[in-house]
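Lettering follows sequence order; numbering is per chain, from 1. Since the structure is predicted, the reported quantities are computational estimates derived from the model, not experimental observations.
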Amino acid sequence: MPKGEINMAQIAVMSVDGSVKKIDRDSEEGLQALRKLASLLLKDSLHQEFKGIRLGESVADEDGFHVDSDKDDQQVSADELSALQDALLAKAKDAKVEFVEADLDDALAEVKDDPYSSELIKEAAKDGKVAMYQVGDVKAVADGDIMVYGDAIKHLKLLSVAGAYWKGMSSNPMLQRVYGTVFFSKDALDEDMKKRQEAREHDHRVIGNQLDLFFVDPKVGAGLPYWMPKGATIRRTIERYIIDREVADGYEHVYTPVLMNLDAYKTSGHWEHYRDDMFPPMDMGDGEMLEIRPMNCPSHIQIYKHHIRSYRDLPMRIAELGMMHRYEKSGALSGLQRVREMTLNDGHTFVAVDQIRDEFAKILNLIMDVYKDFDITDYSFRLSLRDPKNKEKYYGNDEMWDESQKLLKAAMDDLNLDYYEAEGEAAFYGPKLDIQTKTALGNDETMSTIQLDFMQPDRFGLSYVGKDGKEHMPVMIHRGIVGTMERFVAYLTEIYKGAFPTWLAPEQVHIIPVSDEKHGDYAKQLADKMKAAQIRVVVDDRNEKMGYKIREAQTQKVPYTLVVGDDEVKDNAVSVRKYGEEAQNSMSQDAFMNEILADIASYSRKN
RNA sequence: GCCGACUUAGCUUAGCUGGUAGAGCAUCUGUCUUGUAAACAGAAGGUCGGAGGUUCGACUCCUCUAGUCGGCACCA
């Protein structure tokens with residue numbers, strides 16, 4: 001039995017005060033302590049393999065662990081990972097963590113050529129002392145529990161190197177980050193590797209290519225996606241759905257120009273606070289400056305302002321599938337997830353202050369209903385607040401922010417929903433509730449959002465006539481339900497792994513005549529009947545073997561494949577094969593029509 | 001934007017230390033006329049991301065540039 005394990009089920013773990021306790025190996029804490037030790041062993045290995053290397057943070061998190069480092073001559077390269085991994089595993093066998101309570105001056109003297117370690121030590125020091133874990137030749141600030149013995153580290157893999165800013169600030173130098181993962185058992189490691197592989201198979205960029213949904217061609221512009229017919233069909237289906245939903249919910253859908261006089265964006269505050277993300281204005285040569293819009297709010301404000309509004313008009317809900325352009329940094333672009341041209345399922349509700357809570361709840365209800373229709377279940381609520389240390393990034397005064405943030409929290413508490421707060425994530429004009437989802441590769445992204453805005457109504461001088469006959473200022477609630485069409489389709493592609501539910505599938509039915517000559521007419525008549533019922537159907541009458549066509553229907557993830565031959569023609573029937581199933585089911589045409597129409601009508605719901 | 005890796009036919013890709021490119025799928029043309037995951041044969045398709053440079057000679061080495069990917073930063 002390895003000495004690191006008290007018994008098979010427990011490990012010794014040291015805490016930041018140097019005390020040692022036994023905890024369950026198969027607990028979250030156990031895994032965390034394992035990763036923490038792995039990160040320090042990696043530090044020690046880097047220190048050994050690369051003379052004069054400076055060491056940044058070593059972090060254990062839910063994905064594994066990573067260590068930042070910096071070296072003058074050459075960077076740690078991906079080719080060196082396996083050597084580094086061997087060194088680490090060799091060290092692990094006899095590794096034992098020692099607790100050191102060092103004098104600050106002594107600790108600093110030891111790392112005098114390493115500004116990163118020095119800074120970490122200084123930050124952690126208390127009363128001239130600093131608590132550290134020593135692993136091999138490396139001492140690191142004690143932060144979090146750590147497994148004491150290294151002999152349990154056998155199933156470890158260094159995964160990749162990447163750049164990362166020191167302290168996460170882009171104004172700081174960039175260090176090299178080595179990522180790794182480690183588990184107590186080979187099975188767990190294998191499973192983790194499989195999960196990472198599986199995640200890549202869900203990637204919308206891979207599937208988008210396989211299913212011919214969209215493309216981005218650098219020759220015609222990075223971040224400017226082209227929607228192929230199949231992708232366009234998915235998008236159009238969602239657009240029709242969401243417009244109908246919103247109209248039913250009291251929204252008035254509009255169309256507004258993608259170009260607008262730059263002055264409007266000066267008034268809105270975008271020019272001041274959002275310019276870096278905007279395309280440069282077009283100088284028309286006669287004094288007019290046009291801007292391609294990065295957001296739709298100023299456009300909808302024009303709709304509001306076009307008439308005198310009364311309290312009777314409120315809440316006034318303006319919505320649009322608004323195309324916008326943002327100059328995203330080249331390194332941020334990614335398939336349909338981050339693009340430079342996007343169409344937002346945008347909406348702006350103009351309300352009186354006392355209507356905020358009800359409207360907020362109404363919007364959130366709409367979002368939750370829509371999520372059910374799309375079977376979106378994995379999300380979290382993020383209350384995005386102003387960064388109190390960085391107020392110049394935002395428009396407005398403390399009072400407005402305090403009030404709107406308080407209102408938003410109260411609205412969330414009313415609804416009794418779990419949420420977490422994130423400072424610095426607010427829009428420049430106000431706080432927001434973001435609904436966060438994860439991409440296939442595990443990156444966090446905002447899907448839906450509800451934002452409070454006291455600023456733009458003020459800056460644009462919006463008003464309505466109250467019961468008292470006097471002018472009042474409305475509040476704007478910005479909201480996106482399915483977010484941008486680009487990101488939403490990317491997300492759905494990933495969660496469905498390209499196997500779109502029937503209502504969204506670009507091709508819902510493939511009809512395969514056994515012999516085109518003998519059964520082609522029957523197939524085409526059947527297809528016409530389905531088309532008349534708005535079903536998206538393709539008769540595969542190419543000169544190919546049946547098996548070939550079946551295979552293609554499966555690889556293209558078509559929900560229903562119908563084979564029609566002598567038997568079917570005789571009985572006015574179809575042989576039905578569903579995507580992902582091998583079983584075939586023979587039924588009458590009418591029975592099939594009923595089945596597929598019911599399927600389509602149920603959206604993606606799993607009832 | 002930053003760090004690193006990568007970029008060969010529509011797609012997926014082979015091409016060791018320099019001697020001007022091969023394959024599978026898709027496409028087209030024939031033959032075959034098909035009962036639940038790939039019929040057979042032939043043809044066509046590449047200025048090896050772009051621009052410079054080194055060299056007798058560059059897909060291969062160097063520089064610059066664009067894009068993609070993994071991260072970071074930023075964000076719907």
Side-chain angles (χ1 to χ4, degrees), chain A residues 66 68 70 74-79 159-179 200 203 205-206 209-210 212 215-219 221-223 274 276-277 294-295 324 326-339 342-346 384 424-425 427 432 434-437 441 443-449 451 478 480 482-488 490-491 510 512-520 541-556 561-568 575-577 581-584:
Chain A
H66 61 257
D68 292 349
D70 184 28
Q74 103 237 33
Q75 310 285 18
V76 178
S77 83
D79 309 337
L159 299 167
S160 58
V161 279
Y165 294 109
W166 169 239
K167 294 269 162 190
M169 302 229 290
S170 56
S171 50
N172 284 339
M174 178 158 273
L175 311 184
Q176 289 296 299
R177 176 171 294 178
V178 176
Y179 284 93
R200 283 188 280 272
D203 192 321
R205 290 166 300 188
V206 176
N209 196 26
Q210 285 163 352
D212 206 18
F215 68 88
V216 190
D217 184 348
K219 285 192 186 66
Y274 203 72
D276 288 350
D277 294 295
M295 292 187 188
M324 335 179 284
R326 298 181 183 177
Y327 190 74
E328 298 291 339
K329 307 259 190 310
S330 59
L333 299 175
S334 176
L336 287 182
Q337 256 145 14
R338 281 292 287 280
V339 292
M342 68 216 87
T343 297
L344 183 64
N345 163 225
D346 210 353
S384 298
E425 295 289 346
K432 50 185 184 154
D434 291 319
I435 305 184
Q436 298 299 110
T437 53
L441 296 180
N443 298 318
D444 216 34
E445 66 181 10
T446 302
M447 180 70 63
S448 309
T449 185
Q451 314 177 350
H478 308 236
V482 297
T484 64
M485 300 318 299
E486 288 74 14
R487 180 170 288 182
F488 194 62
Y491 179 74
H510 272 200
I512 300 174
V514 171
S515 157
D516 189 36
E517 213 172 305
K518 286 198 286 180
H519 317 117
D541 55 3
R542 292 175 300 173
N543 181 18
E544 293 290 351
K545 290 257 191 255
M546 223 182 89
Y548 179 91
K549 298 180 187 179
I550 300 270
R551 179 173 191 275
E552 182 152 295
Q554 292 295 309
T555 55
Q556 288 295 305
T561 304
L562 307 184
V563 172
V564 293
D566 287 343
D567 297 347
E568 286 74 22
S575 171
V576 183
R577 175 171 173 160
E581 296 178 11
E582 281 182 46
Q584 301 134 45

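Remark: A:K545 is not in phosphate contact with B:rC40, judged by side-chain N or O atoms under 4.0 Å from OP1 or OP2. Residue A:R577 places at least one side-chain N or O closer than 4.0 Å to OP1 or OP2 of B:rA37.
For A:Y165, whose side chain is taken as the heavy atoms from C-beta onward, the closest listed nucleotide among B:rG71, B:rU36, B:rG1 is B:rG1. The side chain of A:I550 has B:rA37 as its nearest neighbour among B:rA76, B:rA37, B:rU34. Of the candidates B:rA73, B:rA37, B:rC75, the closest approach to any side-chain atom of A:R487 belongs to B:rC75. Considering only side-chain atoms of A:R338, the nucleotide from B:rA37, B:rA73, B:rC75 that sits closest is B:rC75. Side chain of A:R551, nearest nucleotide from B:rU33, B:rA38, B:rG35: B:rA38. Among the nucleotides B:rG1, B:rG35, B:rA76, the one closest to any side-chain atom of A:D567 is B:rG35. Proximity note for A:N443 (side chain, C-beta onward) versus B:rA73, B:rG71, B:rU36: the nearest is B:rG71.
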Distances for protein N or O near nucleotides 8-12 of chain B N or O, under 3.5 Å:
from, atom 1, to, atom 2, distance (Å)
B:rC11, O3', A:N209, ND2, 3.2

Contacts under 3.5 Å, N or O only, protein and nucleotides 27-29 of chain B:
none

Collect all protein-nucleotide pairs involving nucleotides 67-69 of chain B in which both atoms are nitrogen or oxygen and the distance is under 3.5 Å.
from, atom 1, to, atom 2, distance (Å)
B:rC69, OP1, A:R205, NH1, 3.0

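Taking A:Y491 as the reference, nothing meets the ring-ring contact (aromatic ring centres under 6.0 Å, His included) condition, with sequence neighbours excluded. For A:D444, the side chain to side chain donor-acceptor pair (under 3.5 Å) criterion is met by A:Q436, not counting sequence neighbours.
In summary, A:E582 and A:R577 do not engage in a salt bridge, as defined by a charged side-chain N under 4.0 Å from a carboxylate O. Between A:D277 and A:R326, none of the side-chain N atoms (NZ, or NE/NH1/NH2) sits under 4.0 Å from a carboxylate O, so this pair counts as no salt bridge. A salt bridge is absent between A:R551 and A:E544; no separation between the charged side-chain nitrogens and carboxylate oxygens falls under 4.0 Å.
Nearer to the 5' terminus of RNA chain B, by closest-nucleotide assignment, is the contact made by A:L175 (compared with the other of A:L175 and A:V564). Nearest-nucleotide positions on RNA chain B place A:P513 closer to the 5' end than the other of A:P513 and A:L336.
Rounded to an integer number of Å, the gap from CG of A:D277 to P of B:rC75 is 7 Å. Atoms CD (A:E568) and C1' (B:rU36) sit 11 Å apart, rounded to a whole Å. Rounded to whole angstrom, the span from the CG atom of A:D217 across to the C1' atom of B:rA66 amounts to 12 Å. The separation between A:D68 atom CG and B:rC2 atom C1' is 14 Å, rounded to whole Å. Distance A:M174 CE to B:rA73 P: 9 Å, rounded to the nearest Å. The nearest whole Å value for the distance from the CG atom in A:D276 to the C1' atom in B:rG1 is 11 Å. For the pair A:E517 CD and B:rU34 P, the computed distance is 8 Å after rounding to whole Å. Protein atom CG of A:D70 is 11 Å distant from nucleotide atom C1' of B:rC3, rounded to whole Å.
Judged by distance alone with a 3.5 Å cut-off, no donor-acceptor contact links the side chain of A:T561 to the base of B:rU36. In terms of polar N and O atoms assigned as donor or acceptor, the side chain of A:Q436 never comes within less than 3.5 Å of the base of B:rA76 in a complementary pairing.
A:G565 comes within 4.0 angstrom of a nucleotide base, judged by non-hydrogen atoms across all strands. Using a 4.0 Å heavy-atom cutoff across all strands shown, A:K167 reaches no nucleic acid atom at all. Contact annotation for A:F488: no contact, since no heavy-atom pair falls under 4.0 Å across all strands. At a threshold of 4.0 angstrom between heavy atoms, the contacts of A:Q176 are confined to the sugar-phosphate backbone, with no base atom among them. In this structure, A:A164 reaches the sugar-phosphate backbone alone: every heavy-atom distance under 4.0 Å involves primed, P, OP1 or OP2 atoms, never a base. Residue contacts for A:T449: at a heavy-atom cut-off of 4.0 Å it reaches no nucleic acid atom on any strand shown.
Taken together, the paired segments of RNA chain B that extend over three or more consecutive Watson-Crick or G-U pairs, each closer than 3.5 Å at both contacts, are B:1-7 with B:66-72, B:10-13 with B:22-25, B:27-31 with B:39-43, B:49-53 with B:61-65.
Counting only N and O atoms by type, the side chains of A:S515 and A:E517 include no donor and acceptor under 3.5 Å apart.
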